[in-house]
Enquirer: 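Structure in structure tokens, see below.
Quick caveat, the model's predicted, so the values are computed rather than measured. In what follows, chains carry the letters A, B, and so on, assigned in the order in which the sequence lines appear, proteins first and then strands, with residues in each chain numbered from 1.
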2 protein chains.
Amino acid sequence: MIEATEPFAMFAEAILPSDLPDALYMHLGAIAEQCELAAHEVQTHSGDAEKLIFIAQGSAKLVAKGAGEREQIIGFHFAGDFLRLPCPCEHSYTLVALEDAQLLVFSASQFVELARGEPGILQHLLDQSATMLDRSREKSIVLGRKNACERMASFLLSMARRIGEEQADTIRLTLPMSRREIGESLGLTIETVSRQLTLLRDAQIIETHGRNQVILRHPEELQKRSGWLTRAN
Amino acid sequence: MIEATEPFAMFAEAILPSDLPDALYMHLGAIAEQCELAAHEVQTHSGDAEKLIFIAQGSAKLVAKGAGEREQIIGFHFAGDFLRLPCPCEHSYTLVALEDAQLLVFSASQFVELARGEPGILQHLLDQSATMLDRSREKSIVLGRKNACERMASFLLSMARRIGEEQADTIRLTLPMSRREIGESLGLTIETVSRQLTLLRDAQIIETHGRNQVILRHPEELQKRSGWLTRAN
DNA sequence: GCCGATCCTTGATGCAGATCAATGTCGGCC
DNA sequence: GGCCGACATTGATCTGCATCAAGGATCGGC
């Protein structure tokens, strides 16, 4: 029982205001649908409505499936993220776990209905939307105007900001996604991703250990190579 | 005086709930900053905060400026759109008029502060964010995975949805942007845009008249050529 | 600790779209 | 209505990344 409510507690901690009335807290808990995904498992939404998904643990990719084999990864999401999954009748997007993950799934309309009286929650939701929109716009720049090297540098810096562990003036990354998934996110092939990593490694800017450990030795150099002058994020 | 308040009336019509208390209506009117832009003029934000911008008339492009000459157009916006312009200290985005335009500029924090008590407004704002996010995600697909022909077809269909005038089973478009701007939006060069339009014209799928009139003779054929299976938008 | 499958790296080649270079056309202005 | 400058089209060539094709590393399972 305590076990079962843990993801919701994490959600409340991360998203809900601390002064939320108990009744509303319970209501939100009641409409939250828990969902455990094994690595590479697809989140299958019950019903056809727009969903809000909180990632309590693990990580996931939001994928747009195209005709044939083509897939574009719209974004990666990590523990603590609260994202909107559009109604599947309008866009064929799916959420797929990168590693074992625990999710909390809300019907967007139910959630907003309950949150209507609580401006704090709505505002948090707005802030989340703004962050997602900024990331998505950033991605448009990456995909629209950057070359392979700049894309790779931008990707590593973005991951560093979101899941990097700082150590002295280097940053350690444990990437939960494969080279193929990096490529599908950056609009590159797996071969190009691999080559760019090799170039960065040869230039002593990064180190790689095994398949998914990367150490950014010179983040500032990556910044230079990422092109453009986007500050922060 | 009546003249001067007209854009705000349009804003209220499009965005605000009809049962909004008069006091709040006045408050919102008081913090709204009117702004007239001539074609190609840059919207220069007073102050450094995040802004919400309503386009009362005309059209605009949201541009990310890069190192050197590089520019990526993040999106086009038309009369009735309500968009968020991030704080210029974080992203170097600018809003530039495509043709003469009338805007209403709000400080995002002030606006949300006033709207806190009105779930209707906040929810509308959320819906707008969702629409923007969907468009931006769609753009990621276009830029990440589509070829020149598919990009052009997607662009024309998207414009048709937003500013097209249906006539029998054709759609007439009056594009307020130049070939260069189309290219900067699609991650293509002006030459490639031109060539793709020529190909579509030769295939009798579109007609062009002058520099910015386009008639979509066979929207369904464009749909086929736009790749992927995104439904609606 | 070996084995096999999967994932990754590296090299060779091809092509879509960028770039370079003229020429053509529109539309505003006198 | 003709002229001029900006914009658009068309053609020739070049290039970065995709694609094709082998190996090589990593890791989970036994």
Enquirer: Could you give me the CA-CA distance, side-chain angles and deciding distance for B/E181 and B/K61, then say whether salt bridge (Lys or Arg N to Asp or Glu O under 4.0 Å) is met?
Expert: CA-CA 9 Å; B/E181 288 165 323; B/K61 56 177 176 178; 2.9 Å; yes

Enquirer: Check every atom of D/dC17, C/dT19, D/dT9 against the side chain of B/T189 and return the nucleotide holding the closest atom.
Expert: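 Among D/dC17, C/dT19, D/dT9, the one nearest the side chain of B/T189 is C/dT19.
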
Enquirer: For A/H209 and A/Q196, take the nucleotide of DNA chain D holding the closest heavy atom to each; which residue's nucleotide lies nearer the 5' end?
Expert: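 This one resolves to A/Q196.
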
Enquirer: CZ of A/R180 versus P of C/dT9: gap in Å, rounded?
Expert: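 It is 13 Å, rounded to the nearest whole Å.
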
Enquirer: Going by an N to O cut-off under 4.0 Å, is there a salt bridge joining A/E150 and A/R225?
Expert: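 No, no charged N to carboxylate O under 4.0 Å.
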
Enquirer: At 4.0 Å (heavy atoms only), tell me whether A/L197 reaches a base, stays on the sugar-phosphate, or touches nothing.
Expert: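 Answer is nothing: A/L197 stays at 4.0 Å or more from every strand.
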
Enquirer: So how far off straight is the helix from C/dG1-D/dC30 to C/dC30-D/dG1, going by the axes through five pairs at either end, to 10°?
Expert: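 One end's axis against the other's: 50°.
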
Enquirer: It should be established whether B/S178 places a side-chain nitrogen or oxygen under 4.0 Å from OP1 or OP2 of nucleotide D/dC7.
Expert: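 False: B/S178 side-chain N/O out of range (4.0 Å or more) of D/dC7 OP1/OP2.
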
Enquirer: With nearest nucleotide decided by heavy atoms, which residue, A/R211 or A/E191, maps closer to the 5′ end of DNA chain C?
Expert: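 It is A/R211, whose closest nucleotide lies nearer the 5' terminus.
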
Enquirer: Have a look at A/S194 and say if it touches a base, only the backbone sugar-phosphate, or nothing, with a 4.0 Å heavy-atom cut-off.
Expert: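 Counting heavy atoms under 4.0 Å across all strands, the contact made by A/S194 includes a base.
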
Enquirer: For residues A/T170 and A/L216, determine if any side-chain heavy atom of one lies less than 4.5 Å from a side-chain heavy atom of the other.
Expert: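 No - every pair of side-chain heavy atoms lies 4.5 Å or more apart.
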
Enquirer: Taking NZ, NE, NH1 and NH2 as the nitrogens, is one of them in B/R84 or B/E50 under 4.0 Å from a carboxylate oxygen of the other?
Expert: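 Salt bridge flag = yes for B/E50 with B/R84.
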
Enquirer: At 4.0 Å (heavy atoms only), tell me whether B/G183 reaches a base, stays on the sugar-phosphate, or touches nothing.
Expert: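 Since no nucleic acid heavy atom lies under 4.0 Å of B/G183, the category is nothing.
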
Enquirer: Roughly, in whole Å, what's the span from CZ in A/R179 to C1' in D/dA25?
Expert: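 Distance check: A/R179 CZ to D/dA25 C1' gives 11 Å.
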
Enquirer: How about A/F11 and A/F82: are their ring centroids closer than 6.0 Å?
Expert: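 For A/F11 and A/F82, the ring centres are under 6.0 Å apart.
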
Enquirer: Would you mind reading off the distance between A/R70 atom CZ and D/dT19 atom C1', rounded to a whole angstrom?
Expert: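 Checked: the CZ to C1' distance equals 15 Å.
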
Enquirer: B/I190 has an atom CD1; how far is it from atom P of C/dA21, in whole Å?
Expert: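 Taking atom P of C/dA21 as the reference, CD1 of B/I190 is at 17 Å.
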
Enquirer: Just wondering, do B/F155 and B/I182 contact through their side chains at under 4.5 Å, heavy atoms?
Expert: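 Side chain of B/I182 against side chain of B/F155, heavy atoms only: contact under 4.5 Å found.
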
Enquirer: With side-chain hydrogen bond (donor to acceptor under 3.5 Å, both in side chains) as the criterion, how do B/R172 and B/Q213 come out once you've worked through the C-alpha distance, each side chain's angles and the decisive distance to 0.1 Å?
Expert: CA-CA 7 Å; B/R172 168 184 295 270; B/Q213 291 285 324; 2.9 Å; yes

Enquirer: Just how far, in rounded Å, is P of D/dG28 from NE2 of A/H40?
Expert: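 My rounded result for the distance is 12 Å.
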
Enquirer: How close or far is atom C1' of C/dC8 from atom CD of A/E181, stated in whole angstroms?
Expert: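 Rounded to whole Å, this separation is 14 Å.
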
Enquirer: Classify the side chain of B/R195 versus the base of D/dG11 as yes if they form a donor-acceptor pair under 3.5 Å and no if they do not.
Expert: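 Answer yes: a donor N or O sits under 3.5 Å from an acceptor.
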
Enquirer: Among A/Q223, A/K224, A/R217, which one satisfies side chain to side chain donor-acceptor pair (under 3.5 Å) with A/E221?
Expert: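 The side chain to side chain donor-acceptor pair (under 3.5 Å) with A/E221 is passed solely by A/K224 among A/Q223, A/K224, A/R217.
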
Enquirer: Under 4.0 Å, heavy atoms only, any strand: does A/R201 hit a base, just the sugar-phosphate, or nothing?
Expert: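 Touches sugar-phosphate only.
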
Enquirer: From NZ of A/K146 over to C1' of D/dC17, roughly how many Å is that when rounded to an integer?
Expert: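 The answer, rounded to whole Å, is 18 Å.
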
Enquirer: Rounded to whole angstrom units, what separation is found between the CG atom of B/N212 and the P atom of D/dT9?
Expert: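 In whole Å, D/dT9 P lies 11 Å from B/N212 CG.
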
Enquirer: I want to verify a distance call: between C/dA18, D/dT10, D/dT19, whose nearest atom is closest to the B/T198 side chain?
Expert: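 Closest of the options to the side chain of B/T198: D/dT10.
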
Enquirer: Think B/T192 has a side-chain N or O under 4.0 angstrom from the OP1 or OP2 of C/dA18?
Expert: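 For C/dA18, OP1/OP2 do have a side-chain N/O of B/T192 under 4.0 Å.
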
